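The sequence lines fix the lettering, A, B, ..., with proteins before strands; numbering per chain opens at 1. Note that the structure is a prediction, hence the values are computed from the model and not measured.
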Amino acid sequence: MSDHLPDDVLLSYENLTIPLPGKGDRARAVEGLSLQLHRNEILCIVGESGSGKSLTALSTMGLLDAEFDRPQGQIMFHGNNLLEMGERQRTQRIGGKLAMIFQEPTASLNPFYTVGHQVSETFKIHTDLSKAEIRQKVLDLFAEVLLPDPERIYRSYPHQLSGGQCQRVMIASALALNPEVLIADEPTTALDVTTQAQILKLMLRLRERHGTGILFITHDFGVVAEIADRVAVMCRGELVEVGPTAEVLNNPQHAYTKRLVAAVPRLEPRAARSDLGETVLRAQNISKTYRTGHIGKAVHEVRAVDDVSLTLRRGETLGLVGESGSGKSTLSQCIIRMVDADGGEIEIDGIRFDSLRPRALRHARRHAQIIFQDPYTALDPRQKVGDAIAEGQLIHGVPMAQAAARTAELLEAMGLDASAAERFPHQFSGGQRQRICIARALALEPALLIADESVSALDVSVQAQILELLVDVQQRLQFGLLFVTHDLRVASQLCDRIAVMQKGKIVEIGEPVQLFTNPAQEYTRQLLSAVPGAGWVPQSAA
Amino acid sequence: QAPDVLKIAVDSLWQTMSPVTGFATSSARIYCNFYERFTSVDYLADPNGSVVVNHLAESFERNGNIWTVKMREGVMFHNGVEMTAEDAAFTLSEERYRAVDAYEPRGATFTEGFVRVEAIDKYTIEIETASEDPHVPAKLSSVAGIIVPKAYYLEKGVDGFGQEPIGTGPYKVTTFRSGEIMVLEAFDGYWGSETASVPRMEWHVVPEFAARMAGVVSGEFHMMAGIPTDQEAQVASYDGVEVTSVPFTSYAAVAFNTLPDPVDNPLVDARLRYAMVQAVDMDLIVQALFGDTTFHPAVPFNFPEYGDFYEPDLKSNLPYDPEAARALVEQTDYNGQPLIWHITRGFYPNYETAAEIMVQQWAEVGINVEMRVLDNFSMVYQRPFHLMNFANATAFIPGDPYQPLWLDWNPEANRSRADWKTWAPSEAYIAAGARFNAALSFEERFAAYKEMSAAWQEVTPALFMWRQVGSFALRSGINWTPAGAEMRLFGGYLSFA
Amino acid sequence: MIRSRLVLGAAGLVLGVVVFMMLFGPVVWQVDPTKQNLLARLVGPFWTEKGSWAHPLGTDRLGRDVLARLIVATQMSVQVALLGTVIGAVFGALVGVVSGHFEGRVDNVLMTIVDIQLSLPFILIALTCVAFFGNSLTLFIILMGLYGWETYARLARGLVMSAKRQTYARAIVSLGASPTRLYLRHILPNIASALIVQLTLTVPAIILLESALSFLGMGIQPPNTSLGQILGEGRDYLATAWWIAVWPGVIIFLITLSISVLGDALRDRLDPVLRARA
Amino acid sequence: MTAEFWLVKIGRMALTIFIVLTFTFIALRTSFDPAQAMLGPDATQREIALFRDKWLLDRSIFEQYFVYIKNALTGDFGMSFRDGRPVTELIAERIPKTLALGAVSYLIAVLVGVPLGLLAALYRGSALDRLVMVFSVVWFALPNFFLGILMILLFSLTLQWLPSSGSSTALHFIMPAAALGLSLAAILARFTRSAMLEVQSKPYMRAAQAKGVPRWRRTLFHALPNAAIPLVTIMGLMLGNLVAGTVVVETVFAWPGVGRLLITAVSSKDMAVVQALVVLVAVSMVTANILVDLSYGLLDPRMRSRS
Ligand SMILES: Nc1ncnc2c1ncn2[C@@H]1O[C@H](COP(=O)(O)OP(=O)(O)OP(=O)(O)O)[C@@H](O)[C@H]1O
Ligand SMILES: Nc1ncnc2c1ncn2[C@@H]1O[C@H](COP(=O)(O)OP(=O)(O)OP(=O)(O)O)[C@@H](O)[C@H]1O
Ligand SMILES: [Mg+2]
Ligand SMILES: [Mg+2]
Ligand code: NI
């Protein structure tokens with residue numbers, strides 16, 4: 001779409017360079033960025049983590065931390081260079097024409113005030129409207145962003161609303177003064193797929209109704225495919241490619257873009273493998289109820305896992321999917337007894353796990369290992385990586401020398417060099433750390449490995465590597481893999497069978513091909529339709 | 001010009017003004033302004049305090065064991081009730097001092113030998129003593145002689161009386177909060193000629209020296225008590241402030257525990273005690289700590305306030321001589337074990353400081369003393385200990401060594417009887433004491449005194465350190481004659497320029 | 001906070017000097033702190049009229065060398081503060097760890113005790129104990145050791161509760177580690193820094209507490225001496241012989257100041273780590 | 001908040017006070033005999049015996065404890081050994097003075113400490129920030145009795161501007177309240193600063209800025225209310241410091257409050273007074289804690305709606 005008129009340009013970055021304060025990873029977070037946002041356009045910025053997307057957005061809003069030096073270059077908006085404006089000038093001249101929403105919707109609202117109050121504040125500051133008028137405006141806005149029962153929401157505090165509702169309130173607040181430009185920094189990352197789909201719809205509606213130019217930062221290519229008119233790709237602070245969505249996604253030019261697009265997981269259901277070994281996990285009638293609240297009455301009960309049964313065989317990968325809060329984590333924790341289930345039988349590798357005494361349980365843990373979601377917090381920051389990998393073996397009585405040898409072997413298998421053993425976790429990237437976590441789990445040669453959202457926190461490219469690695473070692477070591485995820489694309493690629501969880505129950509279980517093409521349950525169907533950019537199937541970029 | 005309100009800053013005010021039970025340094029100095037006694041010491045006549053004059057008693061007459069005391073007429077208590085012989089008799093009564101459940105049992109020691117006290121008419125009482133006692137009028141100048149209003153006293157009880165005291169003195173107490181303030185107002189019904197020159201006095205408790213000093217220097221206060229000796233010059237150096245130091249009738253001392261309790265007490269050996277006396281250069285210490293304001297009495301009980309008893313040229317038997325001390329230590333079985341010295345914190349000015357010096361000097365002759373500074377006398381009196389601080393008052397019979405030498409050391413005294421006793425009076429001492437008490441003429445009494453003192457020194461159960469002094473600061477323009485430890489702020493004692 | 005290198009350097013230097021003074025003071029300055037010279041009382045520091053290099057910082061009311069006494073007093077004060085801090089920290093942290101580990105009823109009981117302690121200002125306990133049980137150095141140190149234990153207990157409890165929910169702790173458990181191993185090898189090293197920051201608050205607090213008690217006459221008693229005791233004793237001489245009270249005052253001030261500055265720096269240093277992990 | 005919440009709170013309060021009562025009783029009665037301490041060095045044996053009899057010190061410890069608890073429950077804390085007056089009367093007489101000093105000091109602490117902390121946080125890294133932090137650390141590092149004496153020497157002795165002791169006029173408040181209040185202000189300034197910095201790094205602060213809320217409004221209406229919870233907690237805990245400071249400052253400035261009463265009672269072993277004061281302080285601290293808890297409910301909507 002290179003046919004925009006020049007006056008169509010709303011926001012224009014010219015040679016923007018943002019120096020990093022102190023000892024950052026690099027001297028400049030953003031270097032020589034030139035980019036235009038047009039009226040009535042959704043421009044998605046994608047790129048690896050740390051590539052400077054957020055800083056670009058923040059410098060546009062004049063929200064860079066005080067410790068930053070003034071960025072160089074220009075950000076032109078209505079003939080003003082935003083970089084040269086002070087806070088006061090900006091309020092006077094730009095007012096509400098430029099608005100932004102953030103990644104964490106709940107945390108972006110002040111817990112102290114009702115959301116109605118907070119949205120009203122924008123009017124109070126920028127207009128002379130009376131109280132009643134403001135109130136009406138806010139209610140209208142709430143209706144516009146499709147919030148149910150605006151009156152009630154008006155009076156609610158942030159903690160009384162769901163994440164999606166909070167994000168809609170934030171959007172309402174951003175829309176208050178009819179902005180010409182809306183900057184959205186990963187506005188849906190913290191939300192689950194169904195809510196995400198609603199927010200995306202809202203964005204599209206917004207553009208339709210008001211002709212707003214939207215700068216949408218994301219790392220989810222599904223989202224890009226769903227809403228973007230144009231895509232800009234950033235890598236290490238530089239803009240490497242920009243163009244219409246279809247072009248960039250289907251025919252990437254820059255090497256980095258190619259890599260990125262190739263790594264995007266595909267919704268490619270595959271058939272189950274046939275060469276599976278004996279059963280390693282047999283879980284029957286597992287239930288878990290959480291009770292919270294004060295002593296006495298007012299007990300709040302959550303039936304996190306409700307009478308679930310599962311089996312898993314050696315060499316098999318079982319996917320566990322479902323929306324947030326459906327009980328996936330709780331179930332997997334129950335299986336390895338990190339959480340004690342209320343009832344049910346668990347047998348792992350022939351051992352009855354559910355009745356083990358603490359000492360025996362500790363001993364039996366070598367048969368079942370888990371890899372957690374966030375590689376940044378899963379390693380003791382004060383323990384050397386080598387020690388972390390060897391620790392499990394030492395606990396289970398493996399001699400020191402042997403453990404060290406195995407550690408070196410595993411590091412190599414994970415594609416890390418031997419010197420890594422002497423370093424600390426913070427000296428590794430997220431992907432590397434996740435490999436270390438996998439190595440730590442595998443060091444015990446477990447029969448069952450649970451991966452709880454083990455790749456969700458990672459970049460798509462890193463994610464792909466890790467998945468490949470997992471498949472690879474599973475091939476060699478033949479453990480049963482319980483793969484917990486909310487990303488149906490990933491699940492479809494990886495699993496032999498997929499179990500769909502809803503409200504603590506497994507509603508459907510089956511082979512990916514069958515599940516995706518012909519879901520038996522309404523819920524599964526909903527889940528599938530909420531996957532963003534489902535229509536787009538990236539071509540192999542090889 | 002006299003101020004409307006005279007403000008005095010003191011370091012403390014004793015918690016109760018009950019005449020005998022509440023007797024302490026910080027109460028005795030204020031008593032004289034609202035309490036009066038049968039007789040009183042006339043410090044205008046003799047600053048050393050050896051002159052006793054009749055006061056609320058008009059005359060004394062002795063007939064063998066019986067004293068007939070004529071009381072002054074028309075004296076009013078602060079509550080408007082006239083003082084009668086009834087009150088005077090009650091003051092000295094069995095019921096108040098000597099009964100098993102006496103109101104103020106400490107009075108018993110001050111009225112030792114009294115067998116009968118009786119009002120015989122409105123203004124006359126009779127006092128009968130067990131044996132002939134020429135010293136009764138003098139003894140009645142002590143706190144035991146403070147005349148209390150019987151009816152009011154019985155109504156309030158000792159504690160109540162101590163909080164809302166009533167006397168016959170020139171001022172009456174209108175407010176008393178022990179940790180804070182006492183307010184005195186001139187008493188219109190006062191009988192005496194020594195009228196009050198200021199209508200109102202306020203005694204403020206200001207524990208911090210700096211705050212007291214600042215108060216006097218800035219004119220907030222007219223007077224203050226309690227100046228550390230080292231600071232006298234400093235205080236005096238301010239414009240409009242003058243400093244007076246006044247010798248008290250009391251001597252700071254260290255008592256040696258002469259008894260085999262603890263069983264291995266090396267101080268049971270008199271030679272070690274002699275050594276301890278000879279090892280300390282008390283003159284130097286006193287000079288260093290007090291300058292010329294006081295002195296160290298080289299010979300025990302040979303005190304200047306005793307008039308004819310005092311022999312200025314007497315030499316000590318145990319003079320400062322570290323060599324001799326060392327030799328004495330050699331003779332004993334003392335093996336260097338630590339001797340524990342119990343000291344009450346902050347009770348006697350400069351005591352801890354002196355103690356630190358003495359510990360050093362004892363160490364030099366091979367005596368190892370360990371000082372323990374304790375919070376109060378309960379702790380000081382808790383055995384085991386080898387040394388203990390105390391002070392010997394000298395004024396019970398003005399001009400006579402009765403109190404320090406007999407009253408405080410006799411076989412019935414605390415020092416020989418209490419749980420914390422430190423000595424057992426020797427035969428010689430007891431025999432001399434009996435003669436001393438029976439003596440009617442000065443010569444007899446003097447001879448007995450010398451024997452008793454010698455017997456005491458034979459044992460040497462204590463070392464007298466210095467005569468205690470108090471330092472006061474006044475705004476210039478205030479002329480004040482100190483009366484020993486008493487702060488008499490009326491009549492001839494106080495005037496304004 | 002006060003982050004400049006200069007200030008930090010100065011704080012480090014002060015503490016260095018204090019430590020040097022404590023360790024080598026008596027060797028370098030070989031004057032007996034108890035040696036009295038009644039003829040040379042209240043002599044000023046060397047630059048004053050009567051002063052001399054024999055007593056560079058002057059003499060006190062007994063003619064003892066102020067410098068020598070400051071050395072032993074600093075030793076005493078700092079030792080009391082350190083010992084007190086360590087005792088309180090170890091005891092408190094232990095309570096906190098137990099409470100945080102077991103939670104539930106154990107936690108309830110222990111936190112009730114902590115609450116009780118919180119509702120009794122420490123000085124009240126110190127005054128009562130010192131006055132009623134007498135004043136020995138051992139008792140004093142134990143008392144100082146009691147100071148602040150509840151803070152450590154609460155801090156450690158919170159840290160343990162959050163640390164054991166951290167993914168790494170759960171990962172260690174899932175390896176089959178015993179609780180002892182988990183706490184000693186993993187949790188303790190990770191919560192130590194926050195506790196150490198707290199130590200930098202407790203040490204000056206105890207030094208100040210000791211001086212306040214000494215001022216009230218219930219601190220360290222002669223012949224032992226401490227900064228607070230010299231300060232309390234010298235306060236009457238402020239107008240005439242200022243050097244008695246001012247030196248210990250300055251030392252107390254500098255020590256508390258330096259430790260606070262270093263503590264602030266330490267916290268600034270550690271905070272991002274803590275925040276990132278939270 | 002729910003009824004159970006209060007039940008637990010009040011139960012804990014009662015337990016605390018009971019334990020404090022018992023602890024002080026044991027500490028005071030088992031240490032030793034107060035008779036000698038009270039009566040002075042010259043007390044006679046008989047006097048001591050009478051004293052012990054009068055105050056029931058000869059009874060068994062259990063009997064004494066029973067009587068003590070029974071009386072305490074009816075608000076009767078007995079008589080002071082020193083002057084034979086009811087303890088409650090003694091304390092009541094002095095509490096107004098201490099409350100006045102405490103309130104003024106506390107007010108100074110809040111009025112000086114909080115704004116300074118706010119300014120420091122607002123201009124983080126500036127010269128002002130440094131100045132405030134220097135003030136706070138310096139003021140904290142000076143023992144407040146030493147400060148008090150220096151103030152007396154300067155303002156009363158040398159300049160003669162302010163009275164050195166007593167409590168009768170407003171002028172009398174200045175030095176003690178400054179000595180006490182400013183050292184608390186120093187602590188509060190630091191906490192305010194760090195609480196504000198903490199809040200300012202929250203996403204909603206950035207969101208407010210993005211909305212165009214001016215800086216002062218952000219500070220006062222967005223940051224401060226959220227920083228209030230840690231601040232209120234600290235202010236509650238600071239009452240402990242206030243008590244400690246009062247004891248010292250009242251002594252320095254001859255302030256006739258309960259702090260001085262405590263010191264005299266403690267040094268003369270006046271058990272009844274010490275006991276009553278300890279309980280009094282415990283009760284007020286517990287009450288303060290409850291007030292702090294209550295204020296959480298007011299300050300934090302999340303707490304309010306929890307019930
Ligand atoms: N306050 C800061 N101080 C120092 N460096 C910073 C700061 N904020 C960001 N950076 C650095 O600037 C670079 C760009 O950060 P930015 O947050 O813009 O990345 P991003 O593209 O938004 O990444 P993500 O997808 O993870 O949100 C990173 O290297 C980051 O470490
Ligand atoms: N420790 C706990 N105490 C109380 N409730 C809990 C606890 N842990 C989980 N829950 C609740 O149990 C339910 C299931 O949680 P779980 O973490 O298993 O969901 P999930 O499917 O893993 O979600 P996500 O995709 O967000 O990780 C949720 O409603 C959650 O709020
Ligand atoms: Mg970002
Ligand atoms: Mg989960
Ligand atoms: Ni275009």
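At a threshold of 4.0 Å, the pair A:Glu391-C:Arg185 does not count as salt-bridged, since none of the basic side-chain nitrogens sits closer than that to a carboxylate oxygen.
Minimum heavy-atom separation, C:Ala171 to A:Ala378: CB-O, 3.9 Å. The two residues C:Pro189 and A:Arg382 have their closest heavy-atom pair at O-CD, 3.3 Å. Of all heavy-atom pairs between A:Arg362 and C:Ser178, the closest is NH1-CB, 3.4 Å. In terms of heavy-atom proximity, C:Asn190 sits nearest to A:Pro381 at OD1-CG, 3.2 Å. In plain terms, the two heavy atoms of C:Gly176 and A:Ile395 that are nearest each other are O-CG2, 3.3 Å.
At a 4.5 Å heavy-atom cutoff, A:His363 makes no contact with chain C through either its backbone or its side chain. Looking at A:Gln393, neither its backbone nor its side chain comes within 4.5 Å of chain C, counting heavy atoms on both sides. Residue contact with chain C, scored on non-hydrogen atoms closer than 4.5 Å, involves the backbone of A:Ala368 exclusively.
Rounded to the nearest 0.5 angstrom, C:Tyr168 OH and A:Arg440 CZ are separated by 11.5 Å. Between the OG1 atom of A:Thr377 and the CZ atom of C:Arg170 there is a distance of 9.5 Å, given to the nearest 0.5 Å. Distance CG/C:Leu175 to CD1/A:Ile370: 11.0 Å, rounded to 0.5 Å. Rounded to the nearest 0.5 Å, atoms NE2 (C:His186) and CG (A:Leu379) are 11.0 Å apart. For the atom pair OG of C:Ser174 and CD of A:Gln369, the computed distance is 4.5 Å after rounding to the nearest 0.5 Å. In this structure, CD1 in A:Ile371 is found 13.5 Å from OG1 in C:Thr167, a value given to the nearest 0.5 Å.
Note: A:Asp380 leads A:Leu361, A:Ile336, A:Asp380 in heavy-atom pairs under 4.5 Å with chain C.
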